Structures are given as C-alpha cells and as structure tokens.
Amino acid sequence: MAELGNPSSTLAVMKKHDFSVRKKYGQNFLIDDNILKKIISASGVTKDDFVVEIGPGIGTMTQYLCEAAREVAAVEIDDKLIPVLEDTLSSYDNVSVIHNDILKVDIAELAREKNGGRPIRVVANLPYYITTPIIMGLLESRAPIDSITIMIQKEVADRMRSDPGKKTYGSLSLAVQYFSDIKIVAEVPPKCFLPAPSVGSTVVHLDVREKPAVEVKNEELLFKLVRASFNQRRKTLSNSLKNAPALAYTREQVLEAIEKLGEKPTVRGEELSLEKFARLADILDEMK
Ligand code: SAM
C-alpha cells in the first residue's frame, strides 16, 4: 500500500533523511492522496504498462505507480533524493531509479531496453522550471509513447490547449495539438503540495496520436515556420518569415505563399490554425 501522499508522512520521510527541498530543482511534493489517485486513474496505467516517471522526488507518486503498473523507471536528477528513494521504494520490486537529468535520457532507448520497443506511458508531477523542454523533447523524440499524464503550471496548460487568436496561442499549442489529443484532468490548488508553489497547477493527459493531427510534407519546415512566426509575435507573418534565419525565403516568395493560402498580406501567425500552417509549409516547400 502506498504510504506517502499526505503531509505527515512526507514530513516524516524528509526528517528521517535530513532532506530539505531544493528550489533550483522545482521540488514541490504532492501531499494529497485524492489528486494522486486522480492522476493514476487518468493515466490509464494498467499492469501491462511500463511507465517512466520524471522526477519522483521522495517517491510519493512512484509508490502509486508501482501498484498500478507492471514496471516503473523513475528518473531523478537530485543525488540527495537517491537514498530517500531507496528507502521509500524498498518494498517494491518493479521499480528502477535512474539518477540522471531527464533531458539527457534517451526515451526511445529506454523503451527498447525495458519494453521491447512497445509504447510506454509517461506520468509525472513535472519540475516547472523545465516543463516546456521536457514536453517538447518527449513529443519530438518520436519515441514510442502512448500517453503523457502530467502536473504542470496552470498557465502552461492554458497555452497547450489554446486556439488561434488567443493571447496564449503559440508554438507550444501547435506542437502539443499536432502530436496529441489533450484532456484536462484536474485543477490543483497550491495547498496540495509541500512546499506550496506560488502558482496554480493543472493535470493534463496527452493521448499521443498514432498519426499527427494534420498531414504535412515537410514536418521540419512546419516547425521552423511555427517557431519563426511566434518569435516576434507583434510582427506580421510576412515580416517574421522573411527575417527568419532558419528559413531562406524572400519577401516576395513569402507574400506569394500567403496569397496562395488565401490570407491577406497583413495576417499574423497567431491567426493561423494548425491546418493553415501545414498548408503554408506545403506551399513553401514546393517553392524550393
Ligand atoms: N513526483 C514528486 C511528487 O509528486 O511529490 C516530486 C515532484 S517535484 C514537482 C519535481 C521533481 O523533479 C523533483 O524531485 C526534482 O528533483 C526533479 N527534477 C528536477 N529537474 C529534473 C531533471 N532535469 N531531471 C529529472 N528530475 C528532475
């Protein structure tokens, strides 16, 4: 039975190991049993699954995952937490703790090694200081991933599910929606963590698509276009694209492509849907 997931046992473990949280690693431990159960249930993890947990902390969610999954690999950067995890996870034989920076871990290799290359699930209460690189790294890695269920800052969740024309719409919205189908699982107040973060949190479940949401001939060009369009938000699309070092198109070519897309020359990137970006990428790809 999972013993962590409440304030008293969390404090007791920290005291036993003389552990103090390190802000630089975004350490806010979950102390709410109901939220933990909601995350596990939304993740869809079963005894068939191999799960990667990012940032196990003192092992709170790891205990719940060990009970729900076939096998768990928990990647933790903080060396001071490794002996704590050895202690809190000692009664489980289906978990391995990997002492590493998640941004340096080859997830496809891990899936090959531990799950015969079959799709894995990722579940995490993410360190908020590197949420975006972690999510983009997972999605762009093309590793076999079924789903990603994560606790993130509410503001990042708002950006992920945003639509064209909204202030929160940008590269992250487009990448997440291209690769996955996003569902909001729960809004989580600061009091569910120890220490309490200064921001609200949201649990999201990303169902990774077998095929991306739209077809595009040159995916790399699509994401170069998206990044260039939102690099300078206030500029028109044509100005952003003609100045982009990663793209080698003249102002005339960009304007011609925008016209072919059926948009006015003054259109901004933030007005374009994912479908429109994909069509623009196809048009520009043909001009090479
Ligand atoms: N899963 C625990 C829980 O829910 O109570 C802890 C979550 S805490 C928000 C984030 C965890 O990620 C911390 O344990 C922190 O040390 C770890 N972490 C931070 N940066 C990391 C990185 N680059 N790679 C792996 N783990 C990291």
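Numbering of ligands and ligand atoms starts at 1, following listing order. Since we're looking at a predicted model, the values are computed, not measured.
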Does any N or O of ligand 1 fall below 3.5 Å from an N or O anywhere on Leu103, backbone included? no

Measuring from atom 8 (S) of ligand 1, which candidate in Gly59, Pro197, Ala74, Gly26 has the nearest non-hydrogen atom? Gly26

Can you list the atoms of ligand 1 that are under 4.0 Å from a heavy atom of Tyr129? 19 (C), 20 (N), 21 (C), 23 (N)

Below 4.0 angstrom, N of the basic side chain to O of the carboxylate: do Glu286 and Lys217 qualify? yes

Leu81 touching ligand 1 at heavy-atom level, < 4.0 angstrom: yes

Looking only at heavy atoms of Leu126, does any of them come nearer than 4.0 Å to an atom of ligand 1? yes

Asn28 heavy atoms within 4.0 Å reach ligand 1 at atoms 7 (C), 8 (S), 9 (C)

Ile130 to ligand 1: N or O pair under 3.5 Å? no

Are Tyr25 and Tyr129 near enough that their ring centres are under 6.0 Å apart? no

If you measure from each heavy atom of Asn100 to ligand 1, is any distance below 4.0 Å? yes

Minimum non-hydrogen distance to atom 7 (C) of ligand 1, winning option of Ile152, Val84, Asn125: Asn125

Winner among Glu53, Glu76, Gln27, Met61 once heavy atoms are compared against atom 14 (O) of ligand 1: Glu76

Would Lys104 and Asp101 count as a side-chain contact (heavy atoms from CB on, under 4.5 Å) if you check the C-alpha gap in whole Å, the side-chain angles of each, and the deciding distance to 0.1 Å? CA-CA 5 Å; Lys104 295 189 179 138; Asp101 176 345; 4.1 Å; yes

Taking heavy atoms and a distance under 4.0 Å, where does Pro56 meet ligand 1: side chain, backbone, both or neither? backbone

Arg161 versus Ile184: any side-chain heavy-atom pair under 4.5 Å? yes

According to the interplanar angle, ranging from 0 to 90°, do the rings of Phe193 and Tyr128 count as parallel (below 30°), tilted (30 to 60°) or perpendicular (above 60°)? perpendicular

Run Asp79 and His99 through side chain to side chain donor-acceptor pair (under 3.5 Å) and show every step you take. CA-CA 7 Å; Asp79 53 346; His99 180 207; 5.2 Å; no

Backbone or side-chain N or O of Asp101 under 3.5 Å from ligand 1 N or O: yes

Nearest heavy-atom contact between Asn100 and Val75 is O-CG1, 3.5 Å

Using a strict threshold of under 4.0 Å (side-chain N to carboxylate O), is an ion pair present between Lys15 and Asp18? no

